[in-house]
Peer 1: 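Structure in structure tokens, see below.
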Number of protein chains: 2
Amino acid sequence: MPKPTASESSEQSGAFRAFIAQKGLRATRQRMAVFEAARTVSGHYTAEDLLKKARSLDRSVSRATIYRAIPLLIGSSVIREVDVGRDQKYYLAEAGGANFRAQLICESCETIVEVDAPFMEWYGKAVAAKHGMRPISQKLQVTAACLNDRCPRRGAARP
Amino acid sequence: MPKPTASESSEQSGAFRAFIAQKGLRATRQRMAVFEAARTVSGHYTAEDLLKKARSLDRSVSRATIYRAIPLLIGSSVIREVDVGRDQKYYLAEAGGANFRAQLICESCETIVEVDAPFMEWYGKAVAAKHGMRPISQKLQVTAACLNDRCPRRGAARP
DNA sequence: CTGCCTGCAAACTCTTTGCACGAAT
DNA sequence: ATTCGTGCAAAGAGTTTGCAGGCAG
């Protein structure tokens with residue numbers, strides 16, 4: 001059934017098509033371009049980055065479509081949202097079922113490192129249970145001074 | 001906990017005055033009203049809440065002054081900023097030197113519970129060190145479905 | 001054919017900032 | 001007197017949304 005292109009994405013693409021079909025939505029050209037861009041861009045990217053990449057695949061993709069597609073991409077686990085409290089949110093292609101990740105964030109430059117933190121699952125359950133609540137998600141972030149050569153304040157912060 | 005009166009705050013007020021004086025700033029009427037409001041309002045509050053309270057103490061306080069005072073209040077440890085990824089940030093009167101707190105956040109209503117999480121200090125150090133970085137701060141948040149009577153989606157959300 | 005989707009641009013929300021007057025030291 | 005501080009209002013930035021066609025199913 002899936003389009004028999006040589007593209008390595010045909011499989012995931014089919015899964016995404018199924019996801020939107022099941023929701024009564026349509027596999028438009030623009031939507032699929034955003035999907036393809038979302039899983040192709042590497043590392044953490046912004047909505048604007050995603051727009052650039054999607055446009056390189058389909059010139060007609062607009063900013064509005066990007067923002068309207070993002071919730072679908074998250075809902076279908078194609079990407080994950082990473083909010084580190086900056087002005088813009090970041091997104092990340094979701095590799096496997098890799099949940100429970102912490103972020104190590106440089107306070108001065110763009111660097112964000114994903115770190116496995118499986119104990120978050122236990123912690124979330126424990127804390128929520130103690131207050132009679134049902135855990136839904138957890139977030140753990142460490143802000144630090146990085147040593148990246150390109151970091152404007154390499155190794156700075158607190159003497 | 002007895003509600004602190006204006007006179008009871010004179011001590012902390014003095015500390016705050018010292019802080020701004022040491023920075024070469026001035027103890028203006030508006031600034032002190034915001035300070036007094038910041039340490040009086042209970043629970044988590046927004047900049048807008050702070051404005052309301054400060055205005056009840058001094059009619060002339062403007063929104064701009066609130067936003068300009070907040071960094072001073074944080075810098076002098078009078079309040080702490082709590083960013084849970086919503087559109088507005090929250091602030092909280094800083095009781096003691098209580099650092100390393102996690103937040104338990106209801107995904108549907110306003111409820112935010114502060115939870116001690118001292119292990120964050122160790123975790124931040126360990127993770128940062130592993131990447132040759134120097135830890136600066138850490139944040140841990142658990143989103144959950146709450147059982148508050150006033151919660152619009154009481155106990156909702158699937159496991 | 002239906003009605004979901006799209007691009008465009010205006011709208012929105014919280015926060016920041018330029019300006020000229022006001023006030024703390 | 002000096003500067004810093006203030007209110008006002010406009011500017012900003014990222015994201016959302018109303019509208020009039022366009023296209024998937």
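To find a chain, count down the sequence lines: A is the first, B the second, and so on, and within it residues start at 1.
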Peer 1: A:I70 CD1 to C:dT6 P: how many Å, rounded?
Peer 2: 13 Å
Peer 1: Could you tell me the separation between the CZ atom of B:R17 and the C1' atom of C:dT25, rounded to a whole number of Å?
Peer 2: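 Distance check: B:R17 CZ to C:dT25 C1' gives 13 Å.
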Peer 1: Can you tell me how far P of D:dC8 sits from CZ of B:R59, to the nearest Å?
Peer 2: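 Rounded to the whole Å, the gap is 12 Å.
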Peer 1: Taking atom P of C:dC8 as reference, at what distance in whole Å does atom CG of A:L51 sit?
Peer 2: 10 Å
Peer 1: Summarise protein proximity over nucleotides 15-25 of chain D in one line of letters, 5' to 3': B for base, S for sugar-phosphate only, - for none, counting protein heavy atoms closer than 4.0 Å.
Peer 2: BBBB-----BS
Peer 1: Give the rounded distance in Å between these two atoms: CG of B:L72 and C1' of D:dC4.
Peer 2: 12 Å
Peer 1: Report yes if the side chains of A:V113 and B:H131 come closer than 4.5 Å at any heavy-atom pair, otherwise no.
Peer 2: yes
Peer 1: Rounded off to whole Å, could you give me the CD1-to-C1' distance for the A:I66 and C:dC8 pair?
Peer 2: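 Spelled out: CD1 on A:I66 to C1' on C:dC8 is 15 Å.
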Peer 1: Under a 4.0 Å N-O cut-off, is there an ion pair linking A:E114 with A:R80?
Peer 2: yes
Peer 1: Has B:T65 got a side-chain atom pairing as donor or acceptor with B:V61's backbone, closer than 3.5 angstrom?
Peer 2: no
Peer 1: Could you tell me if the side chain of B:C146 sits less than 4.5 Å from the side chain of B:S108, heavy atoms only?
Peer 2: no
Peer 1: On DNA chain D, does the nearest nucleotide to B:R31 precede the nearest nucleotide to B:R55 from the 5' side, or the other way round? Give the residue.
Peer 2: B:R31
Peer 1: Between atom CG in B:D49 and atom P in C:dT15, what is the gap in whole Å?
Peer 2: 11 Å
Peer 1: Please report, rounded to the nearest Å, how far the P atom of C:dT15 is from the CD1 atom of B:I74.
Peer 2: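 Going from B:I74 (CD1) to C:dT15 (P), I get 11 Å.
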Peer 1: Does the pair A:E48/A:R63 count as a salt bridge with the N-to-O cut at 4.0 Å?
Peer 2: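 Yes.
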Peer 1: Is the distance between the ring centroids of A:F119 and A:F100 under 6.0 Å?
Peer 2: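 No, too far apart.
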